[in-house]
There are 2 protein chains.
Amino acid sequence: MPRVSQDQLDARRQEILGAARACFARHGYEGATVRRLEEATGLSRGAIFHHFRDKDSLFLAVAEDDAVAMVETVARNGLVQVMRDLLARADSSETAGWLGSQLEVSRRLRTDPDFAKRWAQRSAAITDATHERLRRQREAGVLRDDVPLEVLTQFLELAYDGLVLHLAMGRPAGDLGRVLDLVEEAVRRA
Amino acid sequence: MPRVSQDQLDARRQEILGAARACFARHGYEGATVRRLEEATGLSRGAIFHHFRDKDSLFLAVAEDDAVAMVETVARNGLVQVMRDLLARADSSETAGWLGSQLEVSRRLRTDPDFAKRWAQRSAAITDATHERLRRQREAGVLRDDVPLEVLTQFLELAYDGLVLHLAMGRPAGDLGRVLDLVEEAVRRA
């Protein structure tokens, strides 16, 4: 039996993650059954769970990948831009599935201490990226300087959580673009 | 068999609602089994479901009652005060259960069109109360007048949704009191 290289294992892992993301996005966590994950990845459950302990670990790995991507966007463009991107894609079925998964993350954070512990690092990384980006903006003189960075960071995160919940409930986008203008204005120098 | 007056029926209905609210708050929607609802109300399932078609209808009735109370508080004190009250009670187990139920409402809005339809009126009533309160504040000259009331209303609702999701995920309250100061400041005249 030929030995499989680490590169091949990593590539297979990435393939599974990509297909599983599409499956969770389309069907939500509960709807993404093992059978559907098999169809999406083109692999048997045995092959999938060779790379990820169980469906839970697979879901967490997808969510962690998303969080890493979000950290990068926040560092580059800020959390307000992440919100604008999300709003622009709000009507797509992929976003609808992703939002459902986000609510699933929320539910499990509340009910599953192990999951909450594993998720805490990811959540902290997003907060750190937001805080660091605001710090640089303050240095550049575009940010208001009468409110601590920690409070501005939490303000932006509150708006982000609000946007996620609003869209996840399937409510119309309405004037949310102008609402995000207000959010941005509230952290900037007058 | 003596006839039961409408007043007696209404009183019984209110008793069931109160006990069911406590039960949903403590156990969440899924955890509030029919058996637990029987224990909480001291009534048989037959008696409970004489007043409410099923557990779903009972849950909706509790949520509608909460929404009516929220409309009254918003009309009197504004949505920012609703948020401050929620934050002040964030650590209580009753609030934890209530937050869980709110996420349950969110999940069902996304997945259950009938529930979404029944809930739409309640949601609109809260928006109307927020909008009306802002209109009066603008007349009183305390509100900024360079942004449409609809946008300010949505801004406050976004912050409210964000607070609900933040607390429902069990994240610490942190500096959220100061964040709410920022939210309030953003809608007021400079």
Does A:Asp91 have more than 12 heavy atoms from other residues, nucleotides or ligands lying within 6.0 Å of its CG? no

About how many Å separate CD of A:Gln154 and CZ of B:Arg171, when rounded to the nearest 0.5 Å? 9.0 Å

Going hydrophobic residue to hydrophobic residue with side-chain gaps under 4.5 angstrom, can you get from A:Leu60 over to A:Val68? no

Taken to the nearest 0.5 Å, the spacing of B:Tyr160 OH from A:Leu165 CG works out to 9.5 Å

Do A:Asp161 and B:Met169 come within less than 4.5 Å of each other through their side chains, counting heavy atoms only? yes

What part of B:Glu185 gets within 4.5 angstrom of chain A, counting heavy atoms only: side chain, backbone, both, or neither? side chain

Scored by heavy-atom pairs under 4.5 Å with chain B, the best of A:Val179, A:Leu109, A:Val105 is A:Val179

What do you reckon, is CZ of B:Arg144 surrounded by more than 12 foreign heavy atoms closer than 6.0 Å? yes

Can you tell which of A:Leu176, A:Val151, A:Leu163 has the highest number of heavy-atom pairs within less than 4.5 Å of chain B? A:Val151

So do the side chains of A:Arg178 and B:Val147 get within less than 4.5 Å of each other, counting heavy atoms only? no

Using heavy-atom distances under 4.5 Å, tell me whether B:Val187 contacts chain A through its side chain, its backbone, both, or neither. neither

Are A:Leu156 and A:Val142 co-members of a hydrophobic cluster defined by side-chain heavy atoms under 4.5 Å apart? no

Nearest-0.5 Å distance that lies between atom NE2 in A:His166 and atom OG in B:Ser106: 11.5 Å

Heavy-atom distances under 4.5 Å only: say whether A:Val183 touches chain B with side chain, backbone, both or neither. both

When rounded to the nearest 0.5 angstrom, what is the spacing between CG in B:Leu180 and CG in A:Leu158? 7.0 Å

Should we count CZ of B:Arg12 as having more than 12 external heavy atoms under 6.0 Å? no

Kindly indicate whether the side chain of B:Leu152, heavy atoms from C-beta on, has any atom under 4.5 Å from the side chain of A:Leu182. yes

A:Leu99 portion near chain B, given a 4.5 angstrom heavy-atom threshold: neither

